[in-house]
Undergrad: 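Here it is, the structure in full.
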Amino acid sequence: MARHFSLSGFPEWLPEQRLVEQHVLSTLQRTFELHGFSGIETRAVEPVSQLLSKGETSKEIYLLSRLQADQATDDAELGLHFDLTVPLARYVVENAGRLMFPFKRYQIQKVWRGERPQDGRFREFVQADVDVVGQDTLSQHHDMELPLVMVDALSKLPIPKVVVRASNRKVAQGFYEAIGLADIEGALRAIDKLDKIGEKAVAEMLMADGATEEQASQALALAAITGSDGSIADQVLALGARSELLDTGLNELVDLVEGANELMPGSIVADLKIARGLDYYTGTVYESTMVGHEDLGSVCSGGRYDSLATDGKKTYPGVGLSIGVSRVLARVLGTPLIEASRSVPTAVVVAVMDEEHRRASERIAVQLRDRGIPTEVSPSAAKFGKQIRYADRRGIPFVWFPGDPDSVKDIRSGEQVDADAAQWAPPVEDLHPTVRMLS
């Protein structure tokens, strides 16, 4: 008999956990559509050259090829996508003539990254993205719209509160230029590691890339600034560095934070240590953490990209955020912090008097299902007590007993009433499994 091995980094949920995942995904979908976003799905593969053109990702890409592929075919040049933003850029360029701009899309799909599996990090996982893409230009107000969509969506999930933090790359880049840093991209990558490796290690990285001790100290001072209003600009300017790019970034960041918190008080905090590692971000950047679970890292991140997509004639700037759905689920299910009210979708089990009368039970089940009530027929014609225990073990709230007349029993309360399959319905809260946070 063949042995079965668990593959690290490729999560598989039990049925009751899958119910929680489906609840999360459907909640996200409803919220995204409530804000006017259209759903799309892109292919799982992209040309490797396209994947390699966006950031330091070469070690993360899974190559795709047939076992006996001819090396002359294109198969050897395809890779599984490691995020949903690069595929979006290609999708927009290819379909620009058939899309309405600004193009508002959401995408809930699996992605693959060949990184070392650890807490909250997988090789195969689900992301939920929302983006707005413009043609040649994209209004700055979308930088505020997108995080508010995510705040709304995340607040509807049965998970701990998520705090959205924002910065602006123009602030950091303009500041680094003003203090004379030569390797600005290197400085952004170093600051992006601040939460993971600490100030001392980041300072060493900066100096290894050519920064003086004073410049490293100034960069860390900028990264330490946080706030929820216009005072963040005063804190930055108090450091003494000025440039046109810095002023532009500060104005954009203040408008974002003050505008968002006016519409949804407490929704966004400015945090200038956020840089984001991928090099296609050009302005606003976002990261988010679950309160009490900051060790998990960011669960929702993204930013502004003014030149990610182009066909050589037109440019398609955009802004977007992505929720690491699998990362969130792994934490809340593994702790556990949430649970489903039952392990199956079924609301009613139709009992079987004996095998000769199974067809009668199946006809009742058909009637209930036709009216949208999730129903199954008992797998055996055992004594009714055993059939009730079968339902109880699976968390199914109702057992239907064929008879003259039929009756249905709420096995939680013990209440049993006469019922007609053409009219009876369970309470709305019992029709489908519910998901709740554990106290």
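Along the sequence shown, the residues carry numbers beginning at 1. Because the structure is predicted, anything quoted here is derived from the model rather than measured.
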Undergrad: With side chain to side chain donor-acceptor pair (under 3.5 Å) as the test, would you mind laying out the steps for S378 and Q387 before giving the verdict?
TA: CA-CA 7 Å; S378 176; Q387 295 187 55; 3.1 Å; yes
Undergrad: So, taking the atom named OH in Y286 and the one named CD1 in I268, what distance separates them when rounded to the nearest 0.5 Å?
TA: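 So the OH of Y286 and the CD1 of I268 are separated by 7.0 Å.
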Undergrad: I'd like to know whether CD of E12 has more than 12 heavy-atom contacts from other residues, nucleotides or ligands below 6.0 angstrom.
TA: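 For E12, atom CD is not crowded (no more than 12 foreign heavy atoms under 6.0 Å).
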Undergrad: With sequence neighbours excluded, tell me which residues meet side chain to side chain contact (heavy atoms under 4.5 Å, CB included) with R436.
TA: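 So R436 forms a side chain to side chain contact (heavy atoms under 4.5 Å, CB included) with E339, L438.
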Undergrad: So do the side chains of I274 and D271 get within less than 4.5 Å of each other, counting heavy atoms only?
TA: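 Of all side-chain heavy-atom pairs linking D271 with I274, at least one is under 4.5 Å.
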Undergrad: What closest approach, in Å, do P15 and S343 show between heavy atoms, and which atom pair accounts for it?
TA: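 Taking P15 first and S343 second, the nearest heavy atoms are CB-O, 3.8 Å.
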Undergrad: Measure the shortest side-chain to side-chain distance between L296 and M290 over non-hydrogen atoms and say whether it is less than 4.5 angstrom.
TA: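 In short, these two side chains touch, coming nearer than 4.5 Å.
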Undergrad: Taking atom CG of L181 and atom CZ of F175, what is their separation to the nearest 0.5 Å?
TA: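 Reported value, rounded in 0.5 Å steps: 8.5 Å.
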Undergrad: Distance check, rounded to the nearest 0.5 Å: R389 atom CZ versus K386 atom NZ?
TA: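 One gets 7.0 Å once the value is rounded to the nearest 0.5 Å.
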Undergrad: Do you know the tightest heavy-atom contact between K409 and I388?
TA: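 For K409 versus I388, the nearest heavy atoms are NZ-CD1, 4.3 Å.
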Undergrad: Holding to ring pair (Phe, Tyr, Trp, His ring centres under 6.0 Å), I want the full list of residues that pass it with Y176, two or more places apart in sequence or in another chain.
TA: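 In terms of ring pair (Phe, Tyr, Trp, His ring centres under 6.0 Å), with neighbours along the sequence ignored, Y176 is linked to no residue.
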Undergrad: Given 3.5 Å as the limit, does a donor-acceptor pair link the side chain of T310 with the main chain of G312, or not?
TA: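 Here the side-chain-to-backbone pair exists.
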Undergrad: Using modelled atom types only, decide if a donor and an acceptor are shared between the side chain of K104 and the backbone of H35 within a distance under 3.5 Å.
TA: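 Yes; judged by distance alone, with no hydrogens or angles, the pair exists.
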Undergrad: Would you check, one step at a time, whether the test salt bridge (charged side-chain N to carboxylate O under 4.0 Å, His left out) holds for R304 with D306?
TA: CA-CA 6 Å; R304 177 95 177 200; D306 285 324; 2.9 Å; yes
Undergrad: Shortest non-hydrogen contact from A365 to V377?
TA: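 Nearest pair, atom of A365 first, then V377: CB-CG2, 3.7 Å.
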Undergrad: Is the backbone N or O of Y91 less than 3.5 Å from a side-chain atom of N95, with the two atoms forming a donor-acceptor pair by type?
TA: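 Yes, the answer is positive, given that a donor and an acceptor are paired below the 3.5 Å cut-off.
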Undergrad: Are a donor atom and an acceptor atom from the side chains of T289 and E294 found within less than 3.5 Å of each other?
TA: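 Side-chain D/A pair, T289 to E294: absent.
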Undergrad: Going by heavy atoms in the side chains, are Y281 and V319 under 4.5 Å from each other?
TA: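 Heavy-atom side-chain distance check fails, nothing below 4.5 Å.
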Undergrad: Distance only, no hydrogens: is a donor on one side chain within 3.5 Å (strictly under) of an acceptor on the other, for D131 and Y305?
TA: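 Yes, Y305 and D131 have a side-chain donor paired with an acceptor closer than 3.5 Å.
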Undergrad: Show your reasoning for whether salt bridge (charged side-chain N to carboxylate O under 4.0 Å, His left out) applies to R123 and E115.
TA: CA-CA 6 Å; R123 293 171 174 171; E115 59 184 358; over 6 Å; no
Undergrad: What are the two closest heavy atoms between L51 and G79, and how far apart are they?
TA: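 Smallest heavy-atom distance, with atoms named: CD1-O, 3.6 Å.
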Undergrad: Between L220 and V202, is a side chain to side chain contact (heavy atoms under 4.5 Å, CB included) present by the stated rule, with each step listed?
TA: CA-CA 8 Å; L220 289 169; V202 168; 4.0 Å; yes
Undergrad: Give a yes or no answer on whether the side chain of D143 reaches the backbone of L256 with a donor-acceptor pair at less than 3.5 Å.
TA: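 Judged by distance alone, no pair lies under 3.5 Å.
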Undergrad: I want to check something: taking the side chain as every heavy atom from C-beta on, are S341 and V435 in contact at a cut-off of under 4.5 Å?
TA: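 Of all side-chain heavy-atom pairs linking V435 with S341, none is under 4.5 Å.
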Undergrad: Between F32 and Y106, does the ring centre distance come in under 6.0 Å?
TA: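 Here the rings of Y106 and F32 have centres that are less than 6.0 Å from each other.
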Undergrad: Kindly indicate whether the side chain of L88, heavy atoms from C-beta on, has any atom under 4.5 Å from the side chain of D129.
TA: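 A side-chain contact under 4.5 Å is absent here.
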Undergrad: Does any N or O in the side chain of Q235 come within less than 3.5 Å of the main-chain N or O of T226, such that one atom is a donor and the other an acceptor?
TA: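 Yes; judged by distance alone, with no hydrogens or angles, the pair exists.
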Undergrad: Could you tell me if R412 sits above the aromatic ring of F398, with its cationic atom closer than 6.0 Å to the ring centre and no more than 45 degrees from the axis?
TA: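 Yes, R412 and F398 form such a contact.
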Undergrad: Ignoring hydrogens and geometry, is there a side-chain-to-backbone donor-acceptor pair from S288 to C300 under 3.5 Å?
TA: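 Yes; judged by distance alone, with no hydrogens or angles, the pair exists.
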Undergrad: Donor-acceptor check, side chain of Q173 to backbone of V171, threshold 3.5 angstrom: yes or no?
TA: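 A pair under 3.5 Å: no.
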Undergrad: For residues M150 and I323, determine if any side-chain heavy atom of one lies less than 4.5 Å from a side-chain heavy atom of the other.
TA: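 The answer is yes; the side chains approach within 4.5 Å.
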Undergrad: Can you list the steps and then say if I159 with V328 is a side chain to side chain contact (heavy atoms under 4.5 Å, CB included)?
TA: CA-CA 8 Å; I159 63 174; V328 172; 4.0 Å; yes
Undergrad: Let me confirm one number: the CG-CZ distance from D119 to R331, rounded to the nearest 0.5 Å.
TA: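 That separation rounds to 4.5 Å.
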Undergrad: With side chain to side chain donor-acceptor pair (under 3.5 Å) as the test, pick out the partner of E21 among R18, Q17, H23.
TA: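 The residue from R18, Q17, H23 that satisfies side chain to side chain donor-acceptor pair (under 3.5 Å) with E21 turns out to be R18.
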Undergrad: Tell me whether the count of non-hydrogen atoms from other residues, nucleotides or ligands lying under 6.0 Å of CD in E213 goes above 12.
TA: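 Check fails, neighbour count at 12 or below.
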Undergrad: Does the side chain of Q107 pick up a donor-acceptor pair with the side chain of T42 at under 3.5 Å?
TA: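 Q107 vs T42: donor-acceptor pair found between side chains.
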Undergrad: For the residue pair T212 and M207, establish whether any side-chain heavy-atom pair is separated by less than 4.5 Å.
TA: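 Sidechains of M207 and T212: no contact.
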Undergrad: Is a side-chain N or O of R327 found less than 3.5 angstrom from the main chain of S298, in a donor-acceptor match?
TA: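 Present.
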Undergrad: Kindly determine whether D152 and M264 satisfy side chain to side chain contact (heavy atoms under 4.5 Å, CB included), including the steps that lead there.
TA: CA-CA 9 Å; D152 189 19; M264 289 187 181; 4.2 Å; yes
Undergrad: Could you check L194, D192, I225 and say which one makes a side chain to side chain contact (heavy atoms under 4.5 Å, CB included) with K273?
TA: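 Of all the options given, the one that passes is L194.
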Undergrad: What verdict does the side chain to side chain contact (heavy atoms under 4.5 Å, CB included) test give for I232 and L272, after you've listed the backbone C-alpha separation in whole Å, the side-chain angles of each residue and the deciding distance to 0.1 Å?
TA: CA-CA 9 Å; I232 55 174; L272 296 191; 5.7 Å; no
Undergrad: Roughly how far, to the nearest 0.5 Å, is the CZ atom of R105 from the OG atom of S38?
TA: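 Here the rounded value is 11.0 Å.
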Undergrad: Is the closest side-chain heavy-atom distance between S322 and L84 below 4.5 Å?
TA: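 No, too far: nothing below the 4.5 Å cut-off.
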Undergrad: Please name the residue in the list L246, I179, L239 that meets the side chain to side chain contact (heavy atoms under 4.5 Å, CB included) test with L222.
TA: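 Of all the options given, the one that passes is L239.
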Undergrad: Answer yes if the side chains of T346 and E376 hold a donor-acceptor pair under 3.5 Å, and no otherwise.
TA: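 Yes.
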Undergrad: Judged by atom type as modelled, is there a donor-acceptor pair below 3.5 Å linking the side chain of E177 to the main-chain atoms of G174?
TA: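 Between the backbone of G174 and the side chain of E177 there is no qualifying donor-acceptor contact (under 3.5 Å).
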Undergrad: Can the ring centres of Y316 and F101 be said to be less than 6.0 Å apart?
TA: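 Ring centroids of Y316 and F101 are less than 6.0 Å from each other.
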Undergrad: Please report the interatomic distance CG(L28) to CD1(I108), rounded to the nearest 0.5 Å.
TA: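 Those atoms lie 5.5 Å apart.
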Undergrad: Would you say K156 has more than 12 foreign heavy atoms packed within less than 6.0 Å of its NZ?
TA: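 For K156, atom NZ is crowded (more than 12 foreign heavy atoms under 6.0 Å).
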Undergrad: Is there a donor-acceptor contact under 3.5 Å from the side chain of D83 to the main chain of V86?
TA: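 Looks like yes, one N/O pair under 3.5 Å.
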Undergrad: Kindly give the heavy-atom pair with the smallest separation between V149 and T31, and that separation in Å.
TA: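 The pair with the smallest heavy-atom distance is O-CG2, 4.4 Å.
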Undergrad: Can you list everything that forms a side-chain hydrogen bond (donor to acceptor under 3.5 Å, both in side chains) with E124? Sequence neighbours excluded, please.
TA: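 E124 satisfies side-chain hydrogen bond (donor to acceptor under 3.5 Å, both in side chains) with W112 only.
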Undergrad: Would you check, one step at a time, whether the test salt bridge (charged side-chain N to carboxylate O under 4.0 Å, His left out) holds for R43 with E46?
TA: CA-CA 8 Å; R43 65 198 185 201; E46 297 292 337; 3.0 Å; yes
